Amino acid sequence: MNAGIKTLRIDGRDVGARGDQTILQVARENGIFIPSLCYLEGLSPVGACRLCLVEVKGAARLLPSCVTRVEEGMEVTTRSERLDRYRRMILELLFSERNHICSVCVSNGHCELQGLAEKLQLTHVHFPYRYPRLPVDASHPRFVADHNRCILCTRCVRVCDEIEGAHTWDVMGRGIEARIITDLNQPWGESESCTSCGKCVHVCPTGALSEKGRSVAEMAKRRQFLPYLTMMRTQR
Amino acid sequence: MSRLRLATVWLDGCSGCHMSFLDMDERLIELARGIELVYSPLVDAKEFPEQVDVTLVEGAVGTRDDEEKLRAIRARTRVLVALGDCAVTANVPAMRNPFGPQAAMARAYQENATRNPGAPTREIPVLQARVRPLHEVVPVDVFVPGCPPSADTIHYVLQELLAGRMPDLAGRSRFGA
Amino acid sequence: MTLDELERLAAEERAAQRKTACWLHVCTAASCLSAGAAEVKQALEQELAERGMLNFCKVKGVGCMGLCSAGPLVAAQPEGFLYGRVTPDDAPDITRSLVEGRPLRRLAVPGDLPFFRRQFKIVLENAGRVDPERLEDYVAAGGYASLLKVLNEMTPQDVIREVTASGLRGRGGAGYPTGLKWSTVAKSQDREKYVVCNADEGDPGAFMDRAVLESDPHRVLEGMAIAAYATGARHGYIYVRAEYPLAVARLRAAIRQAERAGLLGNRIAGTPFSFHVEVRLGAGAFVCGEETALMASIEGRRGTPRPRPPYPAESGLWGHSTLINNVETLANVPVILREGGEWYARIGTPNSKGTKVFALAGRVLHTGLIEVPMGISLREIIFEIGGGVPEGRRFKAVQTGGPSGGCIPEEYLDTPVDYESLSALGSMMGSGGLIVMDDSTCMVDLARFFLEFSKGESCGKCVPCRVGTAHLYDLLDRILRGESDGAALAMLEELSDLLRHTSLCGLGQSAPNPVLSTLRHFRHEYEAHLEGRCVAGACRTGERR
Amino acid sequence: MTAPHAAPPGTDKRWKIVEAAMRRHGYRRDALIEALHSVQETFGYLDDDSLRFVASALRLPLSAVYGVATFYHFFTLKPPGRHTCVVCTGTACHIKGAPELLALLEREYGLKPGETTPGGELSLLTARCVGSCGLAPVVVFDRELAGKLSAEDLRRWLERRLAHDAR
Amino acid sequence: MSERRIVIDPVTRIEGHARVTVYLDDSGQVRDARLHVTQFRAFEKLCEGRPFTEMPSLMARICGICPVSHLIASAKACDQILGTRIPPAAVQLRRVLNLAQLLQSHALNFFHLSGPDLLLGMDAEPARRNLFGMIESHPEMARDGIRLRQFGQQIIERLAGKRIHPAWVVPGGVSEPLAPEARDAILAGIPEARAIVQRALNWFKSAIERFREEAAAFANFPTLFLGLVGEDGELEHYDGHVRVVDAAGRIVADNLAPERYRDYIGEAVEPDSYLKSPYYKPEGYPDGIYRVGPLARLNIADRCGTRGSDQEWAEFRQLERGAVLSSFYYHYARLVEMLYALERIEQLLEDRQILSRHVRAHAAANHPEGIGVAEAPRGLLIHHYRVDEAGVVQWANLIIATGHNNLAMNRGILQAARRFVHADRLSEGALNRVEAVIRAFDPCLSCSTHAVGRMPLVIELRGPTGQLLDEVKRGA
């Protein structure tokens, strides 16, 4: 990987970067906000939520900044009327997909989806809500999985596979029917591979995964451990 | 200067937004100077009047009556404000949607009844298949999320409307606040 | 097998075939088989045997002859008489006519139909002529000569130059220049490289690749081997739908035959070049036609696409440089190397060269498989080759490009078939499905049909496609049920725009095309549905209201 | 090539076929889909035991195997009926009447796609396109394909086949 | 023969959605009257499949007026599911919170909703007969009401962080301890609040004479009274046991365990209302009519338990021998309870234990079932949940304060209608009195429409075949 120093422009600002960095990393280092939900420092990026799309001069399409590497002389725009509109619509799609009842959610006030809606000034969801009937899996002695609040970002799947090494989580089905599962789609509490480490809970951006016993608005997530664990792994 | 003709309406909600309206406390006294409350659960008007400047609607649309009422309100209102999460997102009332009205009624009037079990059928509005936010039924001009929006937020909204400006809710309230 | 040995085998086989004065070619591709071709073949063999005519005439199972709607098809060679809708009971009459040397009128399909005359066969040149289950037959028809010529006489650069000169573009739909793709992989310093043949033909209404694989599997293997030589790969995969059992069986047999003949495997034809091919079965996922999803599936994972770059040429199967071409693209390659890139480039239009195979289906008289030069008009395809719309109904539209494509109305039928012109109409070349619709088809219903498809085939990874296709479907469904107002159309357009620009892969990006193209060309049908009417009279909107 | 430690879930000899398929691919993880194909071809569907067996033989996480098995429409986790009827819902079949065929099957047999009759006699499936568009609309009963069917044709055709079975 | 009927729709200045139909016979005499609660919100169903830890905050959304009572009844049901005893400080804090809500809710009813009837008169001009009219005509009284309600809400905010729908009450206790500064701030506000309540009490007692007719006809009949009392028979809003008292003031049943509510409370469905009609089982349906709420609580208790309120209680009970039967005196009872609430809050806050940091017990779901009760401003509240082994709610039953009063309200409007409504003299003021009966009960239809929400009144005159003869929509 080319790791030489590169210079690029983000929103008209000249910034320097290592060649192996992504646009998102460089933007965040420079205090430029780009929204994202599936990206989490320390996990492999998947480019799935599409919130971090940016305009790159000369590129025919919008590019996901979480996986797009910087290039010398690149000109990146992270905010535009079009990007704002698309991002709001993507958030709306997420809100309309399942049952996100913020007011009674265990993560109310600590939720990244809710937080982004506020930050991106989303005042309502104009797509019709779908209201699927989805289960809550509370079979685990310490944790709860609420599929109503899941946005399929797969952070849990990745942290479990890449950091914990258990690969308890994966995704089943496809399309609008896709769902996260543990082992053979069995109750989490019966999972043979789960180590009960709780990393999935703390990387989950919403109230989908939470600690048991938490009441409404009580589930604040702790993520500080992740970059540390990633560093430990890569240096090993 | 003529006073702002204000109405407040309560559809499928808990009245918490109306309580938050009252939580403006003594600011109500000062607001009373600029506002004429022409229709509200707080006053005795039985018919929604014509030519209302601003209507604050709390609650979601859950019955055909709600829908008819909302359409009439829209037709007679200049600025329609969706007040609170139920009006904006359908919120908790919408939690019945995955079950459907029949199952919901069965729980209350069959399972949990010791006399005359059976869903009520007369004199009551028919439940719709889905509880919906206002904007799925009529155009909405201002969205004020929150469960409920704070009294400060409501005060801000009214002051802006009194001043003839459209309120900008950015950063003032959020879903579930 | 060396070049000499190959030429010897070809000569022997041709001589043997010449000993038989008369051949009955029975189509044994899937469509005719399902119409009873196997029984017909058996009846003919039995009849010939009973009459003691086997020295005079032999029966040969061949690949697709194209006119699937008239199957089972039997052709009498060398006269070229073609019989359609043949049953086992027809065997005595057919044999009698052979003896008499006169065509059997009762079953004859006119050989001079525009359906046959207007075609130009490169990819399908062997289809309906060679026995797909015999290597010798393919060799006798000149098969593997290009591969051995390439191995013996050309450098990889020479090959790429020739392919580049041909102007061949990817036939999977997107139309990326094949020569450029090959040279990118060839340039990679990766020591492990792969060639993948994409045979995951998932468009509903498309069966070109299936026909090629069932009719002429060796041609695809030969194309792959040439590609591998040109790019420096030593392993190849053919990713083929499990729904095509016949194609899979013939491919597997062909690989075994070619390996036994030394035309695949280690040190091919005595040269240092080695190339191994494995068949991998798809399992019913349209999205696996997308190259990064396809690779994930070959690796045994969920077939979800990933963002590109990196492109497969840079990081493909197991992170190695990988060339991915579709069946039809690879099937062109042996001919290009045989006839030269320049020859090929003379066919078609300046930007879309060569021929294109189409599966013609729907409300059209002659349905089946055709190969035409690029640049031919849609009108010629539908009204001349296809014979127009039957049953006295009116043509309404032709759908190209499957779920990623669009519907083209009558006023654009003179558009030449090439990549750019179809895109300009809001449709696309796609892999080659052409479905004709008459005035009994409701275009809103058709859009919903495609969105049901896209919704069901969305992998679910990226948000716009996963949720957006579901919303588009629901909106269309509600419009069809007469439960929507004009705002629904605006929302359709808004969502379509979002999916197109923000989806991760081609599936999501093109999923709105059927909606947008029908909105563009048939908006009045949507508006009628908003009022509870169906222009085509196909939907019961009014009643349900 | 590492020999697997996993034992098949039962003594059924047919597991040998599945093991052979995995062995042919050197028990490589990327042979998962091939292995699942072989299970389904042998037993008709994939159940938890077989998924568990394949997972341990290929040293794959259970959830990854389940994720793959449910991603691909070709695989089924439910045992199929004694007969299967596949209605092609490709574009050509759609515009030539596949919806009427499905309506008939729901009317006559109470079946929606993916369902099996209560007695396990007949399963209804749909296919995106079986590639026989020239014969649209097309139905595949067990392995036999029939084309250009009206709803009435289909009703008689199925009656004949199921009656044959009853005899 | 013609039947005529009057529909009051919506019933206004109540906390909910409802309609009243008054049926008249040929001679124009009132034959029957029915209250239709027109909202249904499905809480008993929509909680299904949710973790029980979510219940308190979810169930609080039944009602924005008395969310705290739901929080508490729900949390108590959840405490039972945990199977744990919650820390004493948490109990005391929940008590303060519940009383603060009682204060703000009673203030709302007395000043904001019923105040206009009481101050401006039942026959006042409808357009002015509301809070804003009161602000103009009786600014001091209006300000008093606003300040008193505000004080109640501020206590809730100081304790729980948010005035409406706080999430602070949780299974096992409360989520945060009380800060000393918050305690001090609340204590500092009590004198002003007490002065307001005292002024209102004095005014009401002086005005009783003027409402003699209303007192006589506002659901003034014998019924049972039901509610919680403390260990020593004192007024109790958080714990205690259920007592039933008859019209003569005699104890009919005592020491009933709230958890066994199904033994003595039945729920009947009437086809014309979303509000069910609970009844006292031993008396059957519909004879088992009973009343709950402030009037009932003062009727069943032996005393209040704080100094000032005990005096006022004794004076209140002098109104009638036995139990006080007129529902008009719900207003009076509310004033006495507000005084009690202020005095009790003061007591609780002055106990040092209230500042304990230990306010929450943690446990997993240990019991499959939980029943929680509390006295809401409007009466007894019962939350009953069943959960699976993992703590996911499978079933719920809720009996809401206003529901208990349904039979009495129906009979009450009939009584008032017979007294005030005649076909030949349909007056606006007469209709307002029908509504005012309902207002006296302070029905919280938001609550009752958990299963039940909103009470907007139309009066229709209908013939015996149901044809519409006349329709009066008050205030139109």
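Predicted model, so just to flag it, every value in this text is computed and none were measured. Labels below follow one simple rule: chain letters A, B, ... track the order of the sequence lines, proteins then strands, and each chain is numbered from 1.
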Worksheet item: Is the number of heavy atoms from other residues, nucleotides or ligands under 6.0 Å of K221(A) NZ greater than 12?
Response: yes
Practice prompt. Count the heavy atoms of every other residue, nucleotide or ligand shown that sit under 6.0 Å from CZ of R179(A), and state whether that count exceeds 12.
Written response: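 Correct, the count exceeds 12.
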Can you name the nearest heavy-atom pair linking [X] to [Y], along with the distance?
X: R130(A); Y: A470(C); answer: NH1-CB, 3.5 Å
X: P128(A); Y: M491(C); answer: CD-SD, 4.0 Å
X: L93(A); Y: G468(C); answer: CD1-N, 4.2 Å

Side chains of [X] and [Y]: does their closest heavy-atom pair fall under 4.5 Å?
X: R85(A); Y: D497(C); result: yes
X: F127(A); Y: L495(C); result: yes
X: M89(A); Y: L499(C); result: no

Discussion item. Need one label for E457(C): side chain, backbone, both or neither, based on atoms under 4.5 Å from any heavy atom in chain A.
Written reply: both
Worksheet item: Which bit of D474(C) is near chain A, if near means a heavy-atom gap under 4.5 Å: side chain, backbone, both or neither?
Response: side chain
Worksheet item: Given the options S454(C), P310(C), S503(C), which has more heavy-atom pairs under 4.5 Å with chain A than any of the others?
Response: S503(C)
Discussion item. Under a 3.5 Å distance rule, please check whether R174(A) uses its side chain to pair with a backbone N or O of S458(C) as donor and acceptor.
Written reply: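 No; judged by distance alone, with no hydrogens or angles, the pair does not exist.
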Fill in: Selection from S96(A), P64(A), C38(A), P45(A) maximising heavy-atom pairs under 4.5 Å formed with chain C
S96(A)
Worksheet entry | Between L152(A), V67(A), D170(A), I151(A), the one whose heavy-atom pairs under 4.5 Å with chain C are most numerous |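 Of L152(A), V67(A), D170(A), I151(A), L152(A) has the most heavy-atom pairs under 4.5 Å with chain C.
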Worksheet entry | Side chain / backbone / both / neither for L53(A) at chain C, heavy atoms under 4.5 Å |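 L53(A) touches chain C through side-chain heavy atoms alone.
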Report the distance from atom [atom1] of [X] to atom [atom2] of [Y], rounding to the nearest 0.5 Å.
X: R61(A); Y: Q509(C); atom1: CZ; atom2: CD; result: 3.5 Å
X: R87(A); Y: L498(C); atom1: CZ; atom2: CG; result: 12.5 Å
X: R50(A); Y: K461(C); atom1: CZ; atom2: NZ; result: 9.0 Å

Item to complete: Could you tell me which residues in residues 289-308 of chain C have at least one non-hydrogen atom under 4.5 Å from a non-hydrogen atom of chain A, sorted by residue number?
Response: R302(C), P307(C)
